Every structure is written in C-alpha cells, then in structure tokens.
Amino acid sequence: MENKRTILIAGGSEGIGYATAEKCLSQNCRVILIARGLPKLESARERLLGKGHSAENIEIVSADLQKSEEIPALVERLPWVAEGLWGLVLNAAIERIQAAVQFSCEEILATLRVNVVSPVLLISACYPALRMSSGNIVYVGSIADFKRDPGYSVYGGSKAFMKSFVGHAGQEMGPEGVRINVVSPGATDTEMMRRMRYEENVWPEDQINAFEQSIPIEKRFARPEEIAEAIWFALAGPRYFHGEDIRIYGGHR
C-alpha cells in the first residue's frame, strides 16, 4: 500500500467530485472524499464499491468547509496524508444564483468561505504532504469567471479569484516540485445542476433548452465523467503543465 498514490477530493460525494474519485480509483489510486453530508458520502462509497473498487482504497470524511478555521485540524486527522499526498482536487463549491443586489452578507461570506477561503487553507494544510510527493493540485473552477450571465456575480467572482490565485501560487510552488492548475467546466449534468433545474427552478425550461441547443458539440451539457477526464489530465499529465487553466465547455460562446 505504501506505493499507492493518495488523492484528496473536497466535494467528492457526487457530481464531478464523485466522477473524479471513480477515475482515480480506476488508475490504481486511493481516495479520500470530503463532503458535508455523511449520508451522501456513504452512498458514494457504496456506489464505488458496487463498481468493484476496493474498500481499502476509499476513505470518507464528513466536514463542513464553511468552518474554514477547522481545516488544519481536519487535515491532521485524515488517513494516509502524513505519508505524502499525490493529488488534491478542490471541487467543493456553493453556487447560489441570484442578482448581485439580493445577496445578504451571510450568503456572500458562505460562498467565499467554501469557494475561496477553504481551498486556500486546504492547500496550505496539505502542502507539506504535497511537497513530499511532488504532488499535484487541481482547483475546479468555472467558465463563469469570464462568461457574463445574470445571477452569477458572486459565484463567478469567487472562481475568478481562484484562477488568479492559481497563476500566482504556481510561481511559488513550482520551484518546490508542486504543480497547481485549474479545470474550468461549463454547464455540467450533475446532481446539483438537476436540483437547480428541476426542483429550485432557477432557470425557465425554455431558456435551458435554448442554451443546450447553442452548444456546438452535441447540443448537451457536459457529463461529469468528461470533466473528470480533464481533471485526471491536470493531475497526471505532463509535469510541464503548470499554473494553467483547462476550459471544457463544448465550444459554447
């Protein structure tokens, strides 16, 4: 087991995070999945086991990343990390879609804690283990960091902050052997997207249909597995790929 590559995935219980866990396990890695809800984590583990992955390679840890001050203690109690961390995938996010002037202070701070503060603190807490393994960091961004749509001001702003952060941090981490990159998806058919679409009715259905029809490749949203492939490339691809951003959104303009 000492030769296993360990990958920590924040936001790993569903959607892109779950698909990334499945991809990493298929590549003979072991994964630690962090998410707020224990039932969803347990469901994710059961689904992974049902697909033939070994329980020895899967750990789940329930943690609320809004409580960013608890991150150093959280990392200290994670299994395997002290042996070295080969990959850190920062996928946890709050995506609240509403007009800029409607945000309360609490809603803005919650978004920034999960999308900005916690990823930076996770990197900091994991950095000794990443440096030990010449590790690889991937922040899951969004094309909302540049694509201008109503309702995305706070969410898109948080992703733009982290894209800038990665570029600057890469100048510091590269000389120490740690790579850091961003993968920025467009609309992806995740559980969260379905909840927003069908339960919360964030967008009118005709607007969604028109958007899908405007996507050049196959006129559909991305599948989580397609984003996971891009994340795996950012983790395991050329060492010279560093401080950059992979944009994966079907060529939509």
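Bear in mind the structure is a predicted one, so any value in this text is a computation, not a measurement.
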Under the ring pair (Phe, Tyr, Trp, His ring centres under 6.0 Å) definition, can you give me all pairs with a residue in residues 216-253, not counting sequence neighbours? Trp86-Trp232, Phe211-Phe221, Phe211-His252, Phe233-Phe241
What pairs meet the ring pair (Phe, Tyr, Trp, His ring centres under 6.0 Å) rule with one or both residues in residues 48-67, with sequence neighbours excluded? none
Drop me the distance from Arg96's CZ to Asn115's CG, to the nearest 0.5 angstrom. 11.5 Å
Derivation and outcome, salt bridge (Lys or Arg N to Asp or Glu O under 4.0 Å), residues Glu226 and Arg223: CA-CA 5 Å; Glu226 292 171 312; Arg223 302 183 184 99; 3.7 Å; yes
I'd like to know if Arg179 and Glu244 make a salt bridge, using a cut-off of under 4.0 Å between side-chain N and carboxylate O. no
For the student: nearest non-hydrogen atoms of Cys24 and Leu235, plus distance: SG-CD1, 4.2 Å
NZ (Lys51) and CD (Glu46) are apart, to the nearest 0.5 Å, by 13.0 Å
Check whether any side-chain heavy atom of Leu74 sits under 4.5 Å from a side-chain heavy atom of Ile34, and report yes or no. yes
Do Lys23 and Glu225 meet the salt-bridge criterion of a basic N to acidic O distance under 4.0 Å? no
Note: Pro224 and Thr188 closest approach over all heavy atoms is N-CG2, 3.8 Å
Hey, what do you get for CD1 (Ile16) to CD1 (Ile227), rounding to the nearest 0.5 Å? 5.5 Å
Between Glu107 and Gln98, does a side-chain hydrogen bond (donor to acceptor under 3.5 Å, both in side chains) hold up when you go through it step by step? CA-CA 11 Å; Glu107 289 167 339; Gln98 63 189 36; 3.0 Å; yes
Do you know which two heavy atoms are closest between Val31 and Ala21, and how far apart they sit? CG1-O, 4.1 Å
How far apart are the C-alpha atoms of Tyr18 and Glu191, what are their side-chain angles, what is the distance that settles it, and do they pass the side-chain hydrogen bond (donor to acceptor under 3.5 Å, both in side chains) test? CA-CA 11 Å; Tyr18 173 83; Glu191 292 91 338; over 6 Å; no
Between the side chain of Asn181 and the main-chain N/O of Gly243, is any donor-acceptor distance below 3.5 Å? yes
Consider only side-chain heavy atoms of I, L, V, M, F, W and Y, link residues closer than 4.5 Å, and tell whether Phe165 and Val154 are in one cluster. yes
Heavy atoms only: give me the nearest Ser62-Leu38 pair and the separation to one decimal. OG-N, 4.0 Å
Taking C-beta and beyond as the side chain, do Arg220 and Ile215 meet within less than 4.5 Å on heavy atoms? no
Can you find a heavy atom in the side chain of Tyr152 that is under 4.5 Å from one in the side chain of Lys147? no
Heavy-atom nearest pair, Ile7 first then Val89, reads CG2-CG2, 4.1 Å
Same cluster or not: Leu121 versus Leu8, using hydrophobic residues (I, L, V, M, F, W, Y) connected whenever any side-chain heavy atoms lie under 4.5 Å apart? yes
Minimum heavy-atom distance Val75-Ala125, with the two atoms named: CG2-CB, 3.6 Å
Which one of Arg5, Arg30, Lys4 satisfies the salt bridge (Lys or Arg N to Asp or Glu O under 4.0 Å) criterion with Glu83? Arg30
Using 0.5 Å steps for rounding, measure from the CD1 atom of Ile9 to the CD1 atom of Ile32. 9.5 Å
Given salt bridge (Lys or Arg N to Asp or Glu O under 4.0 Å), test Asp64 with Arg113 step by step and report yes or no. CA-CA 10 Å; Asp64 184 356; Arg113 285 191 194 103; over 6 Å; no
Roughly how far, to the nearest 0.5 Å, is the NZ atom of Lys159 from the OG atom of Ser164? 14.5 Å
With rounding to the nearest 0.5 Å, note down the distance linking CZ in Arg131 to SG in Cys126. 12.5 Å
